[in-house]
Colleague: 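My questions all concern the structure below.
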Amino acid sequence: MDDKTIQRNLQTSIILFVLCLIVTIAAALLQWTEITIAMGVLAVVQAYIIYVWWHRKRHRKPHFQHKSHERA
C-alpha cells in the first residue's frame, strides 16, 4: 500500500474512534446501557485498527520482500 492509502485509512479510523467515544459518553449519560456497551466495544475495535494502521505506517515493508525468483 502506498503512503496516501495508509494515511487516509488511519485518519478515517481516528474519526470513527472519536465518534464512537462521543456516542458512548452520550449514551452513558442518557443511561442507555445496551448502546453504551455496543459503542464501547466498537471504540475498542477502532482503537485496535488505529494501532494496526499506525504500525503499518511506521514499519513499511516492500511487497514480496522474502521471495526469491531463482528456480531449483
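We're numbering straight along the sequence, starting at 1. Since the model is a prediction, treat every value here as computed from it, not as a measurement.
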Colleague: Hydrophobic clustering (ILVMFWY, side-chain heavy atoms < 4.5 Å, transitive) - are Tyr51 and Val44 grouped together?
Modeller: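 No, Val44 and Tyr51 fall in different hydrophobic clusters.
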Colleague: CD/Gln46 to OG1/Thr12 distance, rounded to the nearest 0.5 angstrom?
Modeller: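 Interatomic distance, Gln46 CD to Thr12 OG1, rounded to 0.5 Å: 9.5 Å.
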Colleague: With rounding to the nearest 0.5 angstrom, report the NZ to CD1 distance, Lys57 to Ile6.
Modeller: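 With rounding to 0.5 Å, NZ (Lys57) is 9.0 Å from CD1 (Ile6).
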Colleague: So which of Leu21, Ile15, Ile22 actually passes side chain to side chain contact (heavy atoms under 4.5 Å, CB included) with Val18?
Modeller: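 Passing option: Ile22.
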Colleague: May I ask you to test the Met39-Leu42 pair for a side-chain heavy-atom distance under 4.5 Å?
Modeller: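 A side-chain contact exists here, since the closest heavy-atom pair is under 4.5 Å.
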Colleague: With rounding to the nearest 0.5 Å, note down the distance linking CD1 in Ile50 to CD in Gln11.
Modeller: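 Nearest 0.5 Å value for the CD1-CD distance: 11.5 Å.
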Colleague: Quick one: do Val52 and Leu10 end up in the same hydrophobic cluster if we chain Ile, Leu, Val, Met, Phe, Trp and Tyr together by side-chain heavy atoms under 4.5 Å apart?
Modeller: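 In one cluster: no.
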Colleague: Roughly how far, to the nearest 0.5 Å, is CG of Leu30 from CD1 of Ile25?
Modeller: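 Reported value, rounded in 0.5 Å steps: 12.0 Å.
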Colleague: When clusters are formed by joining ILVMFWY residues with side-chain heavy atoms under 4.5 Å apart, either directly or through shared neighbours, do Trp54 and Tyr48 land in the same one?
Modeller: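 They do not share one cluster, since no chain of ILVMFWY contacts under 4.5 Å joins Trp54 to Tyr48.
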Colleague: Rounded to the nearest 0.5 Å, what's the gap from CZ on Arg8 to CH2 on Trp53? Could you check?
Modeller: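 It comes to 9.5 Å.
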Colleague: Just verifying a value: how many Å separate Glu34 CD and Thr36 OG1, rounded to the nearest 0.5 Å?
Modeller: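 It comes to 8.5 Å.
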